[in-house]
Protein chains: 2
Amino acid sequence: MDLRQLRYFISIVEQGSFSKAAQELNVAQPALSLHVRNMEESLGTKLLFRGPHGVTTTEAGQILLRNARMIIEQINHAQEEILEHEAEPAGEVHLGLPGTISQILSVPLLLAARDRYPKIKLRIAEAMSGFVLEWMRDMRVDLALLYIPVSDRQLVSHPVLTENLWLLGPPKPMPGVASPSTRTVSFDAIARLPLVLPSHSHGLRSLLEDAAARNEFTLGPILEADSYGNIKGLVEAGAGYSILPFNAIAREVSAGRLLTWKIKEPGITRSVYVVKPVDRPMGNAARAIYSLVNETLNMLVDTGKWHGVKKAPKEKSN
Amino acid sequence: MDLRQLRYFISIVEQGSFSKAAQELNVAQPALSLHVRNMEESLGTKLLFRGPHGVTTTEAGQILLRNARMIIEQINHAQEEILEHEAEPAGEVHLGLPGTISQILSVPLLLAARDRYPKIKLRIAEAMSGFVLEWMRDMRVDLALLYIPVSDRQLVSHPVLTENLWLLGPPKPMPGVASPSTRTVSFDAIARLPLVLPSHSHGLRSLLEDAAARNEFTLGPILEADSYGNIKGLVEAGAGYSILPFNAIAREVSAGRLLTWKIKEPGITRSVYVVKPVDRPMGNAARAIYSLVNETLNMLVDTGKWHGVKKAPKEKSN
DNA sequence: CTCAGGACATACTAAATTTGTATGGATTTC
DNA sequence: GAAATCCATACAAATTTAGTATGTCCTGAG
């Protein structure tokens, strides 16, 4: 039994005639004769009574007709379901990201997702980079944003934007420590300052350690604090200086509670990477969110809400 | 979308590999590549992720797989339903017949139908030939048994059996009428006897009138009685002679309450015809009963329960 | 790091199926 | 009884499907 045969059969019965059906279907009448004969042979039963005024169904024909209609309907339903799925991504998408990114990104991303893909349930999970990466490997999240590039056989990352890190310090100079006198400071000037930095499990700390090593200087005395809030609080209270992206301190700076210095070229930069699985199925809901994340981040940069530089990821259509 | 494609697709997904599926399906692997590609093009979506260790479904592929399984199942179901319908006729079949036939046939036919086609509900309606024929034309019954052949554009009849009619008379000779002295009597001997016969609406009466006309003699004085019981009662009481099939009088004869004479060749015969619609759909339940009626009548003749001669109806497979 | 092996894709050819054309037989209708 | 209608059949043409040979990509072993 063939779908074509079923379609033809339905039309023949509905038209009550081979010839009429042939017209409707734009095929020659003998083709229909043949198909019906083949079906009758394969089923071992007559399906149609051939009368002088056309044809009527036998009981077996009735059974076939009913089933044929259901089958054709099912076929159409399947196609529609697939097309609709393409047009309207749906399902849960889990996105993992560090809290610092979440602070800026989550709200506009959730809003955009709600508007553009109402059938997608976007779950955002925050944690430190290390945990997020682990989630990604365990498939606990579908996508992740990280400050570090990843590239192995499971995961690939693409940079979305790069931001400069700024030196920040207390509004009043620390006793015994001179704040830099220029708006731009060099690495070794930084190395001479007491710093408030996150511990090693934070990507930021590694980034700075690496930059220090590359520039061949060692960091000064370090006070550890593992949240930006604490870091900023300590700096504001005059416990030391720190290095953070501008977003994290914009409010305090404009309120005059913190002073900032640019870091001399090439500066210290941190990039945001979108991480996705490389070879495993990524649903088109996840794909949609992937694009939306890129788009939203770009938008944040464009509107100045994220002080960074766009890095258009080179997309493959996967 | 094609059933073959769906079957192939299911196998590919189940095997997780084009090559394995090709083996299982006994087709070349490129054929599968092509079919999947065609489906993907026609749906505008990737259905499978091609990995180095085989393939996995995309989300669209999952949707297709689910639907494909349902469709294949539906197809198989349709075929099974039709085959089962052939094997097990079901539904109501209405059979119309004259009471005389019903007396002998109904019980064995109903029993046989119950055993052989338990899903068929066989309804038997009794009436005189004329009414039964009318029912047949009005499609109120699906099949009929009659003593007269029918053949027009709606109905055809086939003879099933022929029975001889016997002359019967009272055990004690009627005053003034000599019972035939030989075991076999001729037409003109019959014509000289006073007769008890049914009225013209009975097929039997027409049959006798016709036979009389053909043999160029006229029937003697006729007493009319419209049931076999009455006729037999009247004959037994010495009111006259009659002509009936042997079945109708077997009991009385063996009890010595009636005498019988054979009628000289070619005798007077009555045939039983099965009547069925000629061009309209006859369900296979009706077809089954049609065969069963023939079979049962033949059986009745074979076992001597109906004194007649089989006439194998030449069947067309309609 | 190279190489063998497995897996799917592509190109082209061969086979099978499907369709179309022409025609015939049967039956109804005017 | 002749024309018209309808389905069946036969054979040829066209399209679809399958097969063969080969290519490319990736993995995993040595």
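What's counted below: heavy atoms across the whole structure, side chains too, no hydrogens, waters or symmetry copies. Numbered from 1 within each chain, the chains take letters A, B, ... in sequence-line order.
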**Asked** Which is true for B/N38 with a 4.0 Å heavy-atom rule: it touches a base, it touches only sugar-phosphate, or it touches nothing?
**Response** nothing
**Prompt:** Distance only, no hydrogens: is a donor on one side chain within 3.5 Å (strictly under) of an acceptor on the other, for B/T162 and B/S271?
**Reply:** yes
**Message:** Nearest to the side chain of B/R50, heavy atoms from C-beta on, is which of C/dT19, D/dT9, C/dC8?
**Reply:** C/dC8
**Request:** Looking only at side-chain atoms of A/F18, point me to the closest of D/dA18, D/dC7, C/dC8.
**Result:** D/dC7
**Message:** Does A/L34 reach a base, just sugar-phosphate, or nothing at all? Heavy atoms under 4.0 Å.
**Reply:** base
**Asked** Does B/Q29 get its side chain close enough to the base of C/dA9, under 3.5 Å, for a donor-acceptor pair?
**Response** yes
**Prompt:** Of the nucleotides C/dA7, C/dA9, D/dC7, which one has an atom closest to the side chain of B/S19?
**Reply:** C/dA7
**Message:** In whole Å, I'd like the distance from the CE atom of A/M39 to the P atom of C/dT17.
**Reply:** 17 Å
**Complete:** Against the side chain of B/Y8, the closest entry in D/dA18, C/dT27, D/dC7 is D/dA18
**Request:** First locate atom CG of A/N294, then atom CG of A/N298, and finally report the distance between them rounded to the nearest 0.5 Å.
**Result:** 6.5 Å
**Message:** I'd like to know if A/R7 and A/E73 make a salt bridge, using a cut-off of under 4.0 Å between side-chain N and carboxylate O.
**Reply:** no
**Request:** Just compare D/dA18, C/dC8, C/dT28 and give me whichever is closest to any side-chain atom of A/H53.
**Result:** C/dT28
**Prompt:** A/S17 side chain: which of C/dT19, D/dT17, D/dC7 is closest?
**Reply:** D/dC7
**Item:** B/Q5 CD - D/dT17 P separation (whole Å)
**Value:** 7 Å
**Request:** Mind calculating the distance between CG (B/D2) and C1' (D/dT17) to the nearest angstrom?
**Result:** 10 Å
**Request:** Report the distance from atom CG of B/L32 to atom P of C/dT10, rounded to the nearest whole Å.
**Result:** 14 Å
**Prompt:** In a check of side-chain hydrogen bond (donor to acceptor under 3.5 Å, both in side chains) between B/H77 and each of B/E81, B/Q74, B/E80, which one passes?
**Reply:** B/E81
**Prompt:** For B/M1 and D/dT17, what is the distance between atoms CE and C1' respectively, to the nearest whole Å?
**Reply:** 19 Å
**Request:** Grab the CG-P distance between A/L25 and C/dT18 for me, whole Å please.
**Result:** 15 Å
**Prompt:** So, is B/R4 near the phosphate of D/dA18, with a side-chain N or O under 4.0 Å from OP1 or OP2?
**Reply:** yes
**Prompt:** CZ of B/R37 versus C1' of D/dT17: gap in Å, rounded?
**Reply:** 13 Å
**Asked** Could you go step by step and tell me if A/Q23 and A/Q29 meet the side-chain contact (heavy atoms from CB on, under 4.5 Å) rule?
**Response** CA-CA 8 Å; A/Q23 281 184 278; A/Q29 167 262 314; over 6 Å; no
**Message:** Does this structure show an ion pair linking B/K46 with B/E59, if we count only N-O contacts that are shorter than 4.0 Å?
**Reply:** no
**Request:** Rounded off to whole Å, could you give me the CG-to-P distance for the A/L47 and D/dA8 pair?
**Result:** 12 Å
**Prompt:** OP1 or OP2 of D/dA18 sitting under 4.0 Å from any side-chain N/O of B/H35?
**Reply:** yes
**Request:** State which of C/dC8, C/dT29, D/dA18 makes the closest approach to the side chain of B/A31.
**Result:** D/dA18
**Request:** Looking only at side-chain atoms of A/P30, point me to the closest of D/dC7, C/dT19, D/dA10.
**Result:** D/dA10
**Asked** Which nucleotide in the list C/dG20, C/dA7, D/dT17 gets nearest to the side chain of A/V27?
**Response** C/dG20
